[in-house]
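Chain A is the first sequence line, chain B the second, and so forth, proteins listed ahead of strands; every chain is numbered from 1. For the numbers below, each heavy atom of this structure counts, side chains included, while hydrogens, waters and symmetry mates do not.
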Protein chains: 2
Amino acid sequence: MNPDMASAFVNPRFEDVVELFRRSLAEGMVMILVGECSVEYKGRGVASLESGSRIVIAKPDGSLLIHAATSVEPVNWQPPGSKLEIRIEDDNLVLSSTRKAPYENVIARFISLSLVAVCKLEIKPRFKVEIGEEAIREAVLAEPSLIEDGFKPISIEKPVEVGFIDLYGLDRDGRLVIVELKRVKADVEAVEQLKTYMDSLTDSYGSVRGILAAPSITYKAYMKLKEFGLEYRKIDIAKCISILTSRRRQQRKLGEYYGDKS
Amino acid sequence: MNPDMASAFVNPRFEDVVELFRRSLAEGMVMILVGECSVEYKGRGVASLESGSRIVIAKPDGSLLIHAATSVEPVNWQPPGSKLEIRIEDDNLVLSSTRKAPYENVIARFISLSLVAVCKLEIKPRFKVEIGEEAIREAVLAEPSLIEDGFKPISIEKPVEVGFIDLYGLDRDGRLVIVELKRVKADVEAVEQLKTYMDSLTDSYGSVRGILAAPSITYKAYMKLKEFGLEYRKIDIAKCISILTSRRRQQRKLGEYYGDKS
DNA sequence: GCCTAGGTCCCGTTT
DNA sequence: AAACGGGGCCTAGGC
């Protein structure tokens, strides 16, 4: 079988899996196991899973994933940098993945295997684009009226004692405005975060306005916001995206014009 | 091939995969694909991934996972309840997973496939044990000296205006003690949470002690704690676990004695 | 290494 | 269905 491609074996013998592991994982391949296993975890917490049918994926970076039939989240896992060992013990195929600092160990005990597969995945990361909070900030900087007419952003990510302010600037009357941006519905925590920033600034700056900018806000959060004398500004995410895409299109044109290939 | 077990095909034809999908996913099976694909996501955000070698897992609950060679987290995914469609388009194998409310869609376009596998995983959930914040609370209730000698817990989860207090009680001098429990290293947020609870109680109760109980605490959090006049108490998680296991062993014995099979 | 902030967080539980 | 809290959150970026 072409070693650059995948190999797969149905109902493999445990001995063959151990052998396959030695030959493939060392070569930076991914190994996929399907079968009945129990799982024990010890480390930051403890967890113990009775035997059940699961998919186990061992990646070349040391990540280990144990998935059941449902859910996006693995029922158990081990982070990158962990070291995997495979052995046969009491007629079971035992995978033991360990990392130190903090010490963590996962042991999966297979009583039966219906499938093992190995395959090579290129590690080189590919290009990825995303719209996140950072992108919304970009959009507001490009179009400050998204916050309010006359708003002039001064800088982003001003460090204050307690953390980082998303965005701040001056309103049309020259008053300092602190803006907390949220990509999703704002909750009480977002309000408290803004309040904390406000408190740490009013000491030194006197009157400051605080604006929570988000696509929506929970009822409790809105009540708390009013109680604190802060303001809510609805942000249209779709508008942010269209602002960004048109802006990025222009930048690309500029880049091409100047021969910028970065 | 036994339909209850796994089937796997190396370098499958796209047509066969479409056929396999129709026969297996309907039967509550999991499908695993390995190959070169690009990914587009639109929904709560936007993301776009250049073509690269990836593992795609489609679960019977509608979850879709797209994994690359590294990391525990999928590079892209779709939550349970999504609906998967597979078709051939422009000589590519196209997976499209959609959910509504909120609308989200992931499209994976395979230009090549090195492996496809299907397997049946029982869905029935199995027993799972964990040490969480709740378990630590149990341990402290069983052994209050974990907080300090002479500490007497009164009740748990006292509702206050701002939320729930993890634990409270009286110290040896009869003073009210509010305890904030953390399973992991306590950060500034934990301190602020405790402070918030303190504030909402000192109004009505006068002098109250506040204790942050955690296995460790960040430097900044400790500074803030001192600033607020609160106290830190180191919790030994291992000790909590041993207290719980011995306690649960006793309970099991009691249960057996009374014929309790729950 | 520790710490901070964000996430298409996911997920269970409560309202 | 929305909201809230917890997580072995994970991961990326600073320092």
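Between C:dG6, D:dC10, C:dG1, one nucleotide has an atom nearer to the side chain of A:Lys182 than all others, and that is C:dG6. Out of D:dC10, C:dG6, C:dC10, the shortest distance to the side chain of A:Val72 is found at C:dC10. Minimum atom distance to the side chain of A:Gln193 is reached by C:dG6, of the listed D:dC9, C:dG6, D:dG6.
For the residue pair A:Ser97 and A:Asn105, no side-chain donor N or O sits within less than 3.5 Å of a side-chain acceptor on the partner. At a cut-off of 3.5 Å, with distance as the only test, no side-chain donor of B:Asp187 or B:Thr218 sits close to an acceptor on the other residue.
B:Lys234 places a side-chain N or O within 3.5 Å of a backbone atom of B:Pro215 that can act as its donor or acceptor partner.
The distance between atom NZ of A:Lys128 and atom P of C:dG6, rounded to the nearest whole Å, is 17 Å. For the pair B:Asp61 CG and C:dC10 P, the computed distance is 13 Å after rounding to whole Å. One can place CZ of A:Arg137 at 9 Å from P of C:dG7, the figure rounded to the nearest angstrom. Between the NZ atom of B:Lys224 and the P atom of C:dC3 there is a distance of 15 Å, rounded to whole Å.
Here the side chains of A:Val30 and A:Pro60 are in contact, with some heavy-atom distance below 4.5 Å.
Counting non-hydrogen atoms under 4.0 angstrom, A:Gly43 reaches nothing in the nucleic acid. Residue contacts shown for A:Pro79 include a base, since a base heavy atom lies under 4.0 Å away. Contact annotation for B:Glu104: base contact, defined as any heavy-atom pair under 4.0 Å involving a base atom. Across all strands shown, B:Val46 has no heavy atoms under 4.0 Å from either base or sugar-phosphate atoms.
When the side chain to side chain donor-acceptor pair (under 3.5 Å) test is applied to A:Glu133, no partner is found at least two apart in sequence or on another chain. Contacts of B:Asp61 classified as side chain to side chain donor-acceptor pair (under 3.5 Å), with partners at least two apart in sequence or in another chain: B:Ser63.
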Table of protein N/O atoms under 3.5 Å from nucleotides 12-15 of chain D N/O atoms:
none

Atom pairs under 3.5 Å, N or O on each side, protein against nucleotides 2-4 of chain D: can you list them with distances?
from	atom 1	to	atom 2	distance (Å)
D:dA3	OP1	A:Lys185	NZ	3.1
D:dA3	OP2	A:Lys185	NZ	2.5
D:dC4	OP2	A:Thr218	OG1	3.4

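Counting only residues at least two apart or on different chains, the salt bridge (Lys or Arg N to Asp or Glu O under 4.0 Å) pairs with a member in residues 42-55 of chain B are A:Arg126-B:Glu50, B:Arg44-B:Glu104.
Summarising the local packing, OH of B:Tyr222 is surrounded by 12 or fewer heavy atoms from other residues, nucleotides or ligands at distances under 6.0 Å.
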- Query: Could you walk me through whether B:Lys59 and B:Met29 pass the side-chain contact (heavy atoms from CB on, under 4.5 Å) check?
  - Reply: CA-CA 7 Å; B:Lys59 294 188 179 185; B:Met29 296 179 89; over 6 Å; no

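Regarding contacts with the backbone of C:dC10, a side-chain N or O of B:Arg44 is found under 4.0 angstrom from either OP1 or OP2.
If you take CG on B:Leu176 and CE on B:Met198, they are separated by 8.5 Å, rounding to the nearest 0.5 Å.
Mapped onto DNA chain C by nearest heavy atom, A:Thr70 and A:Glu130 fall at different nucleotides, with A:Glu130 at the one closer to the 5' end.
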- Message: Could you spell out the base pairing of DNA chain D as a dot-bracket line? Use Watson-Crick and G-U wobble contacts where both distances are under 3.5 Å, [ ] for crossing pairs, | for partners on a different strand.
- Response: |||||||.|||||||

